[in-house]
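Report on the following structure.
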Amino acid sequence: MNHKEVEVVKNLPAPRRYEYFIKKVADFEEVWGLCNDGWAISKDDDGNSLMPFWPKKEFANLCAVGDWENYQAEKIELDEFIQEWLPGLKEDDINPSIFWNNVDSAVLEIDILILDLEEELKKY
């Protein structure tokens, strides 16, 4: 990815970044998170746990700052993400935070994320 594309995409509104996430994740069959002896987790204003995910390594690396400065972008295969990660997050009551850009992200129910990914994957 070139620097200009990264800048343009990271500055899109959260719903547009979510759409980008769904398309790119389906295209490349991978999801990215931040890890350092455990995966990056944040909290929303109500204290609910959120786990951030990105469509590309470059976007995850942009968020390896502050509390996450020692974290590294780690790839998760899409099949594993859908089959294991998302059900596990649901069981642990952790919501996915899609495409955090150090300002905001799309936070949604896991079932909706799974449906959106499955719908996009049907196009391939």
Side-chain angles (χ1 to χ4, degrees):
M1 289 189 78
N2 68 46
H3 180 70
K4 185 173 182 174
E5 181 181 357
V6 170
E7 284 300 309
V8 168
V9 173
K10 84 172 179 100
N11 291 318
L12 291 171
R16 295 277 312 280
R17 291 195 318 274
Y18 177 73
E19 291 171 10
Y20 181 93
F21 174 89
I22 295 296
K23 288 183 183 341
K24 292 300 179 186
V25 164
D27 278 348
F28 294 97
E29 296 187 7
E30 61 189 33
V31 175
W32 291 83
L34 287 175
C35 191
N36 178 22
D37 292 331
W39 294 89
I41 293 193
S42 63
K43 299 256 187 210
D44 67 14
D45 293 339
D46 297 323
N48 299 308
S49 295
L50 305 172
M51 185 172 284
F53 298 103
W54 295 269
K56 297 290 227 169
K57 181 179 186 176
E58 292 87 346
F59 297 116
N61 283 334
L62 288 174
C63 296
V65 296
D67 290 344
W68 297 338
E69 69 182 337
N70 295 319
Y71 284 65
Q72 302 295 317
E74 295 277 339
K75 180 171 61 172
I76 304 162
E77 297 297 329
L78 183 56
D79 285 344
E80 181 183 348
F81 183 70
I82 293 171
Q83 308 276 328
E84 297 173 28
W85 278 76
L86 293 176
L89 290 175
K90 188 173 184 176
E91 194 174 292
D92 293 339
D93 202 26
I94 300 172
N95 284 322
S97 169
I98 302 300
F99 210 143
W100 172 251
N101 66 352
N102 294 316
V103 177
D104 66 356
S105 68
V107 177
L108 59 153
E109 292 180 21
I110 289 170
D111 293 339
I112 293 170
L113 177 55
I114 291 171
L115 279 175
D116 288 346
L117 287 168
E118 288 175 346
E119 283 300 310
E120 188 65 26
L121 288 168
K122 285 179 186 174
K123 298 175 184 177
Y124 292 82

query: Passes side chain to side chain contact (heavy atoms under 4.5 Å, CB included), C63 versus N102? Steps please.
result: CA-CA 6 Å; C63 296; N102 294 316; 3.7 Å; yes

message: Walk me through whether S97 and M51 qualify under side chain to side chain contact (heavy atoms under 4.5 Å, CB included).
response: CA-CA 5 Å; S97 169; M51 185 172 284; over 6 Å; no

statement: By side-chain contact (heavy atoms from CB on, under 4.5 Å), D46 pairs with (sequence neighbours left out) D44, N48

- prompt: Step by step, would you call L62 with W54 a side chain to side chain contact (heavy atoms under 4.5 Å, CB included)?
  reply: CA-CA 10 Å; L62 288 174; W54 295 269; over 6 Å; no

- prompt: Are K4 and E7 ion-paired here, with the side-chain N under 4.0 Å from a carboxylate O?
  reply: no

Distance (rounded to the nearest 0.5 Å) between L34 CG and N70 CG: 11.5 Å

field: Value rounded to 0.5 Å, distance of NZ in K56 from OH in Y20
entry: 6.5 Å

- prompt: In Å, rounded to the nearest 0.5 Å, how long is the span from CG of N101 to CG of L12?
  reply: 9.5 Å

query: Rounded to the nearest 0.5 Å, how far does CD1 of I114 lie from CD of Q83?
result: 9.0 Å

task: Look up atom CG in L115 and atom CD1 in I22, then write down how far apart they are to the nearest 0.5 Å.
output: 10.0 Å

query: Which of these, W39, W100, F81, sits in a ring pair (Phe, Tyr, Trp, His ring centres under 6.0 Å) with F53?
result: F81

message: So, taking the atom named CD in E69 and the one named OH in Y71, what distance separates them when rounded to the nearest 0.5 Å?
response: 11.0 Å

